[in-house]
*Asks:* 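Below you'll find the structure I mean.
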2 protein chains.
Amino acid sequence: MINYKRQSSTFVKAMLDFADNNIINSVMTTQSSVLKARRYCEDKGARFTLLREKVYTLLIDRNGAMGAYELLDELKKTEDSAKPATIYRALDFLLEFDLVHRIESSNAFVACHHFGCNHPVQFLICESCGDVQEIQSAGMQATLDKQAETHGFKVKTQTIEAHGICKNCQ
Amino acid sequence: MINYKRQSSTFVKAMLDFADNNIINSVMTTQSSVLKARRYCEDKGARFTLLREKVYTLLIDRNGAMGAYELLDELKKTEDSAKPATIYRALDFLLEFDLVHRIESSNAFVACHHFGCNHPVQFLICESCGDVQEIQSAGMQATLDKQAETHGFKVKTQTIEAHGICKNCQ
DNA sequence: GAGAAATTGTTAAAATTTTGTAAATCACTG
DNA sequence: CAGTGATTTACAAAATTTTAACAATTTCTC
């Protein structure tokens, strides 16, 4: 386990710049995403504790959605004391800071790779490989808002989830 | 057809109060909706049994979504033997024939008033009064499909639910 | 009416989510 | 660096939602 506080500040800075630039995708993303998330939380005065980091990392590593119990089973491998509440509290935190989204139509959770940007988002969920793609379509939002408006309805939160087949699986 | 202009103003006022109280709406639409549903099912060779009718009626009478246990509690008043499975089986049937929709973002169910038409639909869910409005926007569908397509994704089913404040509650 | 199919009764349990309380940890202050 | 208050975690329990399994019953078909 890496102790981030032990690293020299120049190293950390380099890593964070690295992360921000988003250059690497496959090899480094877990580390850089977690670093970015840590900084994002700490900037807001929130504590990105080890438990929360572990749950977030599990979700980042999986390229798709995970149920709470699947997360729990994974977490238990390194956290003997993990119980349902452990997962749900970590998720509450991560959801609050938009580091994670909830997929309503499958009772599951996905890591958000671009937190800090403008939400809300929409999801494309592959029935075949389980991959979850998060998209941000201003058009979708606008269309829904407009539709709602014609019915005199004021939208606060929106849930837009599509299940189907992704590019790779066709 | 009644010509309201002929009626005395006090009569008209009474009628309007009556209507506002929703009495006409609930008495008449429930019956006709249930009749329509029955015929719709029987045309397809499906059995609109008493249990299924009761569950459907409960959902029609409520102008909004109900959870499974809320339905169960209501059903128990006339069906002593009702258990969770009773509700879920009835719902399975009703969902299969699109007489009822599931609201994913609140684990609840609403009656569909215009089954037989082309689905899918979108929901406007009022946080204040619980009312659920079902809309059918071709634009929404098209926009989602198009967005998905640009990501190489083929949509099979879509979940579009907006939570907010309805016209009456603003 | 006999046999097949669908529906319901009953029981149990799995899966998901929330709550409460006490203990541990952290952050801050003097 | 000890004390204090706030936050987080451990632990226990339970509420909510959903599904499974199998027997009993009803309905349909021939």
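Residue numbering restarts at 1 for every chain, and letters A, B, ... go by the order of the sequence lines.
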*Asks:* Which comes earlier along DNA chain C counting from the 5' end, the contact point of A:Ala68 or that of B:Tyr69, where each point is its nearest nucleotide?
*Replies:* B:Tyr69
*Asks:* Measure from the side chain of A:Arg52, starting at C-beta and using heavy atoms only, and say which of D:dT18, C:dT8, D:dT8 lies closest.
*Replies:* D:dT8
*Asks:* Compare the minimum distances between each of D:dT17, D:dA10, C:dA6 and the side chain of B:Arg47, then state the nucleotide with the smallest one.
*Replies:* C:dA6
*Asks:* Identify whether any heavy atom of A:Arg89 sits under 4.0 Å from a base atom; if not, whether one sits that close to sugar-phosphate; answer base, sugar-phosphate or nothing.
*Replies:* base
*Asks:* Check whether the side chains of A:Tyr40 and A:Lys36 place a donor and an acceptor atom closer than 3.5 Å, and report yes or no.
*Replies:* no
*Asks:* State which of C:dT18, C:dA27, D:dT18 makes the closest approach to the side chain of A:Pro84.
*Replies:* C:dT18
*Asks:* Here's a test of your reading of the structure: between B:Asp80 and B:Ala46, which maps to the more 5' nucleotide of DNA chain C?
*Replies:* B:Ala46
*Asks:* Could you check how far CG of B:Leu51 sits from C1' of C:dT8, rounded to whole Å?
*Replies:* 7 Å
*Asks:* Identify which nucleotide among D:dC11, C:dT17, D:dT8 has an atom closest to any side-chain atom of A:Thr49, counting heavy atoms from C-beta outward.
*Replies:* D:dT8
*Asks:* Assess whether a salt bridge exists between B:Arg62 and B:Glu70, defined as any Lys/Arg side-chain N lying under 4.0 Å from an Asp/Glu carboxylate O.
*Replies:* yes
*Asks:* Can you confirm whether B:His151 sits close enough to A:Ile135 that some side-chain heavy atom of one is under 4.5 Å from a side-chain heavy atom of the other?
*Replies:* yes
*Asks:* Quickly work out the B:Asn107 CG to D:dT16 P distance and round it to whole Å.
*Replies:* 13 Å
*Asks:* Over 60° means perpendicular and under 30° means parallel, so tell me whether A:Phe93 and A:Phe48 are parallel, tilted or perpendicular.
*Replies:* tilted
*Asks:* Please report the distance, rounded to the nearest Å, between CD1 in A:Ile87 and P in C:dT18.
*Replies:* 14 Å
*Asks:* Between D:dA10, C:dT16, C:dT11, which one does the side chain of A:Thr86 approach most closely?
*Replies:* D:dA10
*Asks:* Any donor-acceptor pair under 3.5 Å linking the side-chain atoms of A:Glu104 with those of A:Thr159?
*Replies:* no
*Asks:* Can you tell me how far P of D:dT9 sits from CZ of A:Phe93, to the nearest Å?
*Replies:* 9 Å
*Asks:* Which whole-number value in Å describes the distance from B:Phe109 CZ to D:dT16 P?
*Replies:* 16 Å
*Asks:* Send over the distance from A:Asp92 CG to C:dT19 C1', rounded to a whole Å.
*Replies:* 12 Å
*Asks:* Output the single nucleotide from D:dC11, C:dT17, C:dT11 whose closest atom is nearest the side chain of A:Ser81.
*Replies:* D:dC11
*Asks:* Rounded to the nearest Å, what distance is computed from the CD atom of residue A:Glu53 to the C1' atom of nucleotide D:dT9?
*Replies:* 16 Å
*Asks:* Taking NZ from A:Lys83 and C1' from C:dT17, how many angstroms apart are they, rounded to a whole number?
*Replies:* 16 Å
